[in-house]
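Notes for the one structure printed next.
Just the heavy atoms: all of them, side chains too, but no hydrogens, waters or symmetry mates, feed the values below. Labels below follow one simple rule: chain letters A, B, ... track the order of the sequence lines, proteins then strands, and each chain is numbered from 1.
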2 protein chains.
Amino acid sequence: MGNSKLYKGSLTTIIMKLLAEHDKMYGYEITQKVKHLTKGELNITEGALYPALHKLEAEGLLDVEVKKVDNRLRKYYKLTESGMKETVNLLTELQQYIQTMQHLVNPKLSLD
Amino acid sequence: MGNSKLYKGSLTTIIMKLLAEHDKMYGYEITQKVKHLTKGELNITEGALYPALHKLEAEGLLDVEVKKVDNRLRKYYKLTESGMKETVNLLTELQQYIQTMQHLVNPKLSLD
DNA sequence: AAATATACATCAATTTCTTATGTATAAAAT
DNA sequence: ATTTTATACATAAGAAATTGATGTATATTT
């Protein structure tokens, strides 16, 4: 994905958040959306994305709906009820992660 | 380490930054420092820490000096020249990561 | 006609981390 | 006096996430 190892572990959070905003998206669309939103900083590879989507579906966090558009196959994913709840958790964890890392990396701004 | 998968990939950054601040530290000291700085949020396990330190040493980013204190062994690690440069890169990458994730997660605050 | 873009997928290998286990000394608690 | 906790290192099997390569197929652009 990114040029930095830090992106390891954040793919699920990214997918879920995009789906929380856009209701339903297909895989390729997600890769393009992320590329544009990050101005090329982050390029999700297919080898990471598709297995991640399949796993989220298997866990019941995503529902899938197959459509044929322009004679090409698309798999539209959307959050389930439980997926919406999990998205809230993931976003909370992201904020917590960022705060913790800021503390560690910028201790001058905290009280230690 | 943390309760969230997001911490995957950040151990090296944490170690290097602590060594940039404290000149020399030993493994156990690092685990305790992180625990205190994060108020228990982040607990680095030995199974993650020691292999990470060995790898950084093998890469020439850390130097090691063994000392016996109170009849117990300690391995003090410190940044090499190249380790200091790499630390700057890692911290830049962390800031970039945080910015990118904020963009993705809080698109309202950005220009898309 | 060839190359690029769209759209899915899988798979071997790599990296990172977890969890368990092991050794050894010192200090604290029962 | 003995057990537990803390200090201090280490490795190793397995899990999980990702990389990078490869494959199929259609549509569009050069």
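- Atom-to-atom, CG of A/Asn3 to C1' of D/dG20 comes out at 17 Å; the value is rounded to the nearest Å.
- Under the rule for a salt bridge (Lys or Arg N to Asp or Glu O under 4.0 Å), A/Lys24 has no partner lying at least two apart in sequence or in another chain.
- Identified under the ring pair (Phe, Tyr, Trp, His ring centres under 6.0 Å) test for residues 26-55 of chain A, with sequence neighbours left out: A/Tyr26-A/Tyr76.
- Applying the side chain to side chain contact (heavy atoms under 4.5 Å, CB included) criterion to A/Leu73, with sequence neighbours excluded, gives A/Val66.
- Defined by atom type and a distance below 3.5 Å, a donor-acceptor pair is missing between the side-chain atoms of B/Ser82 and B/Glu86.
- A search for side chain to side chain contact (heavy atoms under 4.5 Å, CB included) contacts involving A/Val64 returns A/Glu57, A/Lys75, A/Tyr77, not counting sequence neighbours.
- Spacing between atom CG of B/Leu56 and atom P of C/dT15 amounts to 14 Å, rounded to whole angstrom units.
- Near DNA chain C, meaning a heavy atom under 4.0 Å from it, residues 84-102 of chain A has no residue at all.
- By the 4.5 Å side-chain criterion applied to Ile, Leu, Val, Met, Phe, Trp and Tyr, A/Val69 is assigned to no cluster and stands alone.
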Heteroatom pairs (N/O) under 3.5 angstrom, protein to nucleotides 8-12 of chain C:
from: C/dC8; atom 1: OP1; to: A/Lys75; atom 2: N; distance (Å): 3.0
from: C/dC8; atom 1: OP2; to: A/Gly27; atom 2: N; distance (Å): 3.4
from: C/dC8; atom 1: OP2; to: A/Tyr28; atom 2: N; distance (Å): 2.5
from: C/dC8; atom 1: OP2; to: A/Tyr50; atom 2: OH; distance (Å): 3.1
from: C/dC8; atom 1: O5'; to: A/Tyr50; atom 2: OH; distance (Å): 3.4
from: C/dC8; atom 1: N4; to: A/Glu46; atom 2: OE2; distance (Å): 2.7
from: C/dA9; atom 1: OP1; to: A/His54; atom 2: NE2; distance (Å): 3.4
from: C/dA9; atom 1: OP1; to: A/Lys75; atom 2: NZ; distance (Å): 2.6
from: C/dA9; atom 1: OP2; to: A/His54; atom 2: NE2; distance (Å): 3.1

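- Partners of A/Lys5 by side chain to side chain contact (heavy atoms under 4.5 Å, CB included), not counting sequence neighbours, listed by chain and number: B/Thr12.
- With sequence neighbours left out, B/Asn3 forms a side chain to side chain contact (heavy atoms under 4.5 Å, CB included) with B/Tyr7, B/Glu41.
- By the 4.0 Å N-to-carboxylate-O rule, A/Glu59 lies close enough to A/Lys55 to be salt-bridged with it.
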Listing time: all N or O pairs from protein to nucleotides 15-17 of chain D that are below 3.5 Å?
from: D/dA17; atom 1: OP1; to: A/Lys55; atom 2: NZ; distance (Å): 3.4
from: D/dA17; atom 1: OP1; to: B/Lys5; atom 2: NZ; distance (Å): 3.0
from: D/dA17; atom 1: OP2; to: A/Lys55; atom 2: NZ; distance (Å): 2.9

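- No donor-acceptor pair under 3.5 Å is formed between the side chain of B/Thr13 and the backbone N or O of B/Leu90.
- Every residue was checked against the side chain to side chain donor-acceptor pair (under 3.5 Å) condition with A/Gln102, not counting sequence neighbours, and none meets it.
- Side chains of A/Gln96 and A/Thr92: no donor on one and acceptor on the other come within 3.5 Å.
- Near-neighbour residues of DNA chain C inside residues 63-72 of chain B, defined by a heavy atom below 4.0 Å, number-ordered: B/Asp70, B/Asn71, B/Arg72.
- The distance from atom CD1 of B/Ile44 to atom P of D/dA8 is 16 Å, rounded to the nearest whole Å.
- Rounded to an integer number of Å, the gap from B/Ile15 CD1 to C/dC17 C1' is 12 Å.
- Salt bridge annotation for A/Glu81-A/Lys85: absent, with no cationic side-chain nitrogen under 4.0 angstrom from a carboxylate oxygen.
- Rounding to whole angstrom units, CG of residue B/Leu49 and C1' of D/dT11 are separated by 14 Å.
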